[in-house]
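Here the structure comes first, spelled out in structure tokens, and everything after it is commentary.
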Amino acid sequence: MATKTISVDIKTVKNDVYLVEIFKGLLLTLKHFLKIGAKSAYLAPTERRAGKLSTNNRATIQYPEEKWVPYPQYRGLHRLNKDEQDRTKCVACEMCATACPADCIFIEAERSPWADEFPNDPKREKHPKIYEIDVLRCIFCGFCEEACPCEAIELTEIYDFAAYSRENAVYDKEKLERVYDLTKDGKFYQEGRKLDFEF
Amino acid sequence: MPKIKLNGRVLEVEAGKTILQVASENGIEIPHYCYHPKLSVAGNCRMCLVEVQGMPKLATACSTPIMNSPPARKIDGEFDMVINSKSEEAAAAQKSVMEFLLLNHPTDCPVCDKAGECRLQDYSYGYGRGYRRAVEEKTPKPKKDLGPNIALYTQRCILCSRCVRFCDEIVGSHELAIANRGCHDEIVTYPGKPLENRLSGNVADICPVGALVTKDFLFSARVWNLKKTSSVCSGCSAGCNIQIETMAEKIKRIQPKNNENVNSYWICDDGRFGYNEIQDAKRIKYPRKKDQSGNLSQTDLKTAIAEVVEKVNSLKKIYKPKAIGFLGSAHASNEENFLLNKLARKIVGSSNVGLRAAEITNDEVVFKSGFKIYGDKTPNRFGAKVILGSENAQEIYEKIKNGEIKALFLLGGIPETGFLPHEEEIFSKLELLVVVDYLDSDLTQSADFSLGGKNYFEKQGTFTNVQERVQKFNQAVSSQGSFVSDVEILQELMVAFDKSWKEIAVSEIFNQLAKENEFFRGMTFYKLGQEGMLKQ
């Protein structure tokens, strides 16, 4: 009977069992558990934008008591911008509704109440009688914002606008203009504001 | 015939035709603003400049006729003319004309109602520069009111003078003119003479840019959202071809559709703006029944028809089938009148069939170009006359007064009115009045049974106009009132009387009518096509 010699490489065993890696991982967990080490890279910008330091360095936040502040490019709930005299900037051209891939914007135009103030500017002669966005249908692509020729529609940082009914998820002109009032300074979450209309 | 070369294509065309006409006939696009096939040639927009070999300068395609040239001067030994609208020189001219026209144009496309069907937009993409070189500020020119139906955005105007020529040549009312000189040019009306002729809506159609707009359509929709249905106007007996443009089941505007046999490119303002009244009229949603004490109650079609049949059969037993009268309508389609006639003569067996139509009280209006607004405000008087074999309702009225007719079936469809004069008194003598009409009027309220129906925007059928041309009208919107159309109601009635009748579609009803009626012989619903048919 021929004998077979098996040579065991100690390095291979070490790699196969992952012993070192397991201990490395456990050590990391332990480090976080004991709150040792630098602040999480993920957490830092949030805290910076919130304007205050979190009570701890945990990667989780205590939602909804504590609100995450999104990045500036975040595409959340829409708003309808107004000019200095609180008149809607929208001229009801329906570019947003035409560009919308989800077909969630409905506009009906009419002659604006301030048309006579701009005899030489036909753009201000028209404004939306009805401006509705069905946020349940919206896919938040931001095409409406891009298509708008007069910077009237914009997406804000607001992300918590779940509604109790489908009707309330259709945002009309009044609601969208109210969103503008709440977000025009860009500090919706920093100031701890809330949407103050019916859901 | 001259042999020409147009953009590389060899064509043999009639001498005397203009280059632009030849190009459009052969599917070659030459951009133009001021030229309109039905108006005189003005040649002032300069957009149609083309290169003609041998001519010292570029020529306007709209005003340069195709000519024979003497054999010795033929180009390449065979061509009378060699024209190129895409040469470098022509393209440069088109580009600079575009730039010139857009110098003071407000480019307010987002709010302009013409956007989407605007020549300036299209040609700017096709032939323009794509950006503005001028840094000077634009001169504002205010919006003006030209008349009860038309407004003018002065700054958008490119002064093609189509509207001026339309008022001069088609209407003959000479209301518009171009005043001032040079860059101060603008379209004006004469003092104290607003644009209020009865074809004024057409100036908004022929305006190649968004300068002239109808106040009715202003701000109401963006044109690319509109669904277009070709149809026939029911406003008078002319039967003008129209395009009904709708959005979300609402009519937004009505535009003329070219049919050289009927209305050319025009319609009158009555037809253009008349849809509002029909659309907003009070409607019957469900069949209604009046009990003995005069109270109206809602019912469903099956029950109503069963009760009607029962009553008619009992009346038939007491009197004779002759005691049942039938009145068709000059506002109802050929198919509806045909079904009523069949119900009367074949199924009930009564020859008391009449044609109910308002008397002609208006005068015919003829415009300079020969366009007519007829005094007869019914769309289908001729067709109904041919089908029902009766000229009017006088005979039926007399028989009701004498007591010979005890029950009456009546097709309505006259917009805005219920009873015609004296009818209320005459109909009060009837024992049974069954009305098929979409309006909630005094007539349908006094009827024993009013079965509902659809207005003509909501159904399909054919009208025969005053020139005896049979034309199709199509459904543009879904019904705001009754769910069943007049044709379906009539067929339900026929089935209830006679089980052997099979319900068929409007097109098949017309085909059957064509088989049975001498006037319609040889026609089929399909053959009517877009232009309609005359008696074969």
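First the proteins, then the strands, lettered A, B, ... as listed; each starts at 1.
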For B:Lys193, is the NZ atom crowded, meaning more than 12 foreign heavy atoms sit under 6.0 Å from it? yes

CD of B:Gln155 to CG of A:Asp121, rounded to nearest 0.5 Å, is 9.5 Å

To the nearest 0.5 Å, atom CE of A:Met95 lies from atom SG of B:Cys109 at 8.0 Å

If one checks every heavy atom of A:Glu108 against chain B at 4.5 Å, the contacting part turns out to be neither

d(B:Asp113 CG, A:Lys126 NZ) to nearest 0.5 Å is 5.5 Å

Mark yes when over 12 heavy atoms from residues, nucleotides or ligands other than A:Tyr74 sit less than 6.0 Å from its OH; otherwise mark no. yes

> Hey, is CZ on A:Phe143 packed in by over 12 heavy atoms from elsewhere, all under 6.0 Å?
Replying inline: no

Value for CG (B:Asn225) from OG1 (A:Thr98), rounded to nearest 0.5 Å, stands at 5.5 Å

Considering residues, nucleotides and ligands other than A:Lys187, do more than 12 of their heavy atoms fall under 6.0 Å from its NZ? no

Validation row: B:Arg222, A:Cys93 side chains within 4.5 angstrom (heavy atoms): yes

For the residue pair A:Glu125 and B:Val111, establish whether any side-chain heavy-atom pair is separated by less than 4.5 Å.
no

**Asked** Is the OH atom of A:Tyr63 crowded by more than 12 outside heavy atoms at less than 6.0 Å?
**Response** yes

Heavy-atom count check: over 12 atoms from other residues, nucleotides or ligands less than 6.0 Å from B:Glu137 CD?
no

The reported gap from CZ in B:Phe219 to NZ in A:Lys129 (rounded to nearest 0.5 angstrom) is 12.5 Å

When the 4.5 angstrom heavy-atom criterion is applied to A:Pro149 and chain B, the contacting part is side chain

Expected contact set for residues 116-123 of chain B against chain A at heavy-atom separation under 4.5 Å reads none

